[in-house]
Amino acid sequence: MPELPEVEVVRAGLEPAVTGAFVADVEVLDERALTRHPGTPADFEGRLRGRTIAAAARRGKFLWLPLAPAGPESGDSAVVAHLGMSGQLLLREPGAPRERHERVRIAVEHPRHGELAVVFADQRTFGSLAMDALVPTPDAAAGGFGSADPRVPTQVAHIARDPLDPAFADRAFRATLGRKDSAVKRVLLDQTVVSGIGNIYADEALWAARIHPETRAGSLPTRAVNRLLAEVRAVLEKALAEGGTSFDAQYVNVNGQAGYFAHSLNAYGRTGEPCPRCGRPIARVSFTNRSSHFCPRCQRRSRGVAVDDGTPRV
DNA sequence: AACTAGCCCTGTTAGC
DNA sequence: TGCTAACAGGGCTAGT
């Protein structure tokens with residue numbers, strides 16, 4: 001559930017600590033943390049040990065640490081990280097005690113900050129680390145936030161730019177939405193259309209834009225799409241400014257601290273509580289194996305494409 | 001080609 | 001009290 005704001009908080013925390021740092025040692029404690037790595041744990045350790053980290057970059061929910069070239073034949077690679085639902089990247093003192101669900105520990109030596117441990121911990125093991133090659137972006141713009149390098153890891157190449165990316169193409173996004181026959185919330189969650197949005201911010205943006213989550217994406221008028229995109233950006237930026245959303249101990253920055261955005265949620269997780277706009281209780285419905293939270297009064301289905309879901313129309 | 005259901009996983013909580 | 005079931009859900013794969 002770390003979404004764009006939470007992952008960006010992690011990236012920003014890592015950036016000063018790892019940029020220019022030398023990887024002194026790598027320990028893989030649980031190989032389930034390497035499900036996206038094509039080789040063995042020993043291969044992962046061997047390919048990372050002795051290298052220097054050049055930056056900390058992010059696109060949507062994907063994070064990567066590009067490595068400085070090790071030599072003319074070394075190729076250009078990066079450590080790719082996805083936090084999944086419960087992954088954490090933590091900065092710890094060297095020799096710090098194991099975290100509760102520690103999976104990988106990377107010991108680094110930074111020219112200014114000295115020795116640090118970068119710890120990957122993950123309770124539910126949906127997250128992963130991998131060594132991956134960098135490939136050019138089709139539009140030649142920076143691959144992600146945090147680096148000007150116009151390349152991304154191969155595992156990120158099919159992921160769309162996120163709405164806060166300066167190279168995000170609004171026009172192409174509107175066109176794609178217009179072609180989609182599936183529910184608008186499903187399209188918002190499709191990382192190949194727009195990245196960085198998960199269940200929390202999808203519900204929040206749809207609430208803010210007053211759009212029913214099951215409205216067919218292709219039926220939305222252009223002005224509704226524009227409103228939605230603006231609200232997506234607003235909610236992501238506000239969450240980022242508040243350090244991200246935390247419901248339990250899983251969503252934390254590199255120091256293990258939680259964000260404050262949970263206090264600002266209007267719909268997500270507020271089933272039965274009054275809509276902050278109109279007072280009607282927030283509804284919760286099961287939708288593509290997830291929960292959707294919305295206001296039945298403020299968020300009506302679009303005219304002409306409605307399917308009766310039992311919601312009274314006034 | 002476009003779209004969707006199912007699967008992976010574990011700690012917490014609700015219900016009986 | 002102790003057990004079981006539901007729930008949290010991102011991204012990939014296989015299926016229609």
Side-chain angles (χ1 to χ4, degrees), chain A residues 1-8 10 29-38 58-64 80-89 98-104 120-130 132 152-162 175-206 213-219 232 236 239 244-252 258-259 261-262 265 267-272 284-293 305 307:
Chain A
M1 192 155 34
E3 306 179 28
L4 186 155
E6 292 76 33
V7 180
E8 176 54 26
V10 171
L29 304 162
D30 187 332
E31 64 178 285
R32 290 179 301 174
L34 300 184
T35 50
R36 298 173 71 97
H37 180 72
R58 179 195 55 76
R59 174 185 290 197
K61 307 172 194 172
F62 279 86
L63 191 61
W64 67 94
V80 186
H82 196 291
L83 301 178
M85 282 198 57
S86 54
Q88 304 173 333
L89 281 166
R98 295 287 184 211
E99 294 296 322
R100 181 142 155 72
H101 298 286
E102 184 163 333
R103 310 295 186 196
V104 179
F120 179 67
D122 188 11
Q123 173 199 103
R124 273 161 272 187
T125 71
F126 278 20
S128 66
L129 303 184
D132 198 6
V152 290
T154 60
Q155 295 184 14
V156 182
H158 70 291
I159 299 295
R161 291 186 178 277
D162 62 63
T176 302
L177 237 64
R179 286 193 300 268
K180 292 283 184 181
D181 194 34
S182 41
V184 61
K185 179 170 174 183
R186 185 187 286 276
V187 180
L188 281 182
L189 295 175
D190 183 345
Q191 305 296 302
T192 68
V193 175
V194 53
S195 68
I197 305 168
N199 207 40
I200 297 174
Y201 299 115
D203 280 359
E204 289 301 302
L206 288 165
E214 293 176 54
T215 308
R216 302 296 103 183
S219 75
V232 162
L236 292 178
T245 302
S246 298
F247 293 99
D248 55 38
Q250 303 306 320
Y251 317 117
V252 296
F261 190 73
L265 295 174
Y268 183 86
R270 300 190 67 244
T271 311
R284 173 183 172 276
V285 297
S286 188
F287 173 65
T288 62
N289 282 339
R290 278 140 188 76
S291 292
S292 280
H293 310 76
V305 294
V307 177

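So that the names make sense, note that chain A is the first sequence line, chain B the second, and so on, each numbered from 1. The figures that follow rest on heavy atoms only: side chains count, while hydrogens, waters and symmetry mates do not.
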Check: [Y] main-chain N/O paired with [X] side-chain donor or acceptor under 3.5 Å:
| X | Y | value |
| --- | --- | --- |
| A:Q155 | A:V80 | no |
| A:E31 | A:L29 | no |
| A:S86 | A:R124 | yes |
| A:D30 | A:R103 | no |

Give the rounded distance in Å between these two atoms: [atom1] of [X] and [atom2] of [N].
| X | N | atom1 | atom2 | answer |
| --- | --- | --- | --- | --- |
| A:R59 | C:dG10 | CZ | P | 19 Å |
| A:D203 | C:dG10 | CG | P | 10 Å |
| A:K185 | B:dC3 | NZ | C1' | 18 Å |
| A:R284 | B:dA14 | CZ | P | 13 Å |
| A:Q155 | C:dC12 | CD | P | 8 Å |
| A:L189 | C:dC12 | CG | P | 14 Å |
| A:K180 | B:dA1 | NZ | C1' | 10 Å |
| A:E102 | B:dT10 | CD | C1' | 18 Å |

Where [X] and [Y] come nearest, the two heavy atoms and their spacing:
| X | Y | result |
| --- | --- | --- |
| A:T125 | A:D122 | CA-OD2, 3.1 Å |
| A:P2 | A:G87 | CG-O, 4.4 Å |
| A:V152 | A:A157 | CG2-CA, 3.9 Å |

At less than 4.0 Å, is any side-chain N or O atom of [X] found next to OP1 or OP2 of [N]? Yes or no.
| X | N | value |
| --- | --- | --- |
| A:H82 | C:dG11 | yes |
| A:K61 | C:dG11 | yes |
| A:S291 | C:dA8 | yes |
| A:R100 | B:dT10 | no |
| A:R186 | B:dA2 | no |

**OP:** Please determine if A:R58 and A:D162 form a salt bridge, counting it only when a charged side-chain N lies under 4.0 Å from a carboxylate O.
**Re:** yes
**OP:** For A:T35, report the nucleic acid contact type (base, sugar-phosphate, nothing); a contact means any heavy atom under 4.0 Å.
**Re:** nothing
Original post:
With sequence neighbours left out, what residues match A:R100 under side-chain contact (heavy atoms from CB on, under 4.5 Å)?
Top reply: none
Report each atom pair, protein N/O against N/O of nucleotides 7-9 of chain B, whose distance is under 3.5 angstrom.
unit_1 : atom_1 : unit_2 : atom_2 : d
B:dC9  : O3'    : A:R32  : NH1    : 3.2

Original post:
Between the two ends of the helix from B:dA2-C:dT16 to B:dC16-C:dG2, what is the bend in degrees, rounded to 10 degrees, where each end axis spans five pairs?
Top reply: 60°
Original post:
Out of B:dG11, C:dC7, C:dC12, which has the shortest distance to the side chain of A:R36?
Top reply: C:dC12
**OP:** Select one nucleotide: of C:dC12, B:dT4, C:dC7, the one nearest the side-chain heavy atoms of A:S182.
**Re:** B:dT4
**OP:** Please name the residue in the list A:K185, A:H293, A:E3 that meets the side chain to side chain donor-acceptor pair (under 3.5 Å) test with A:N199.
**Re:** A:K185
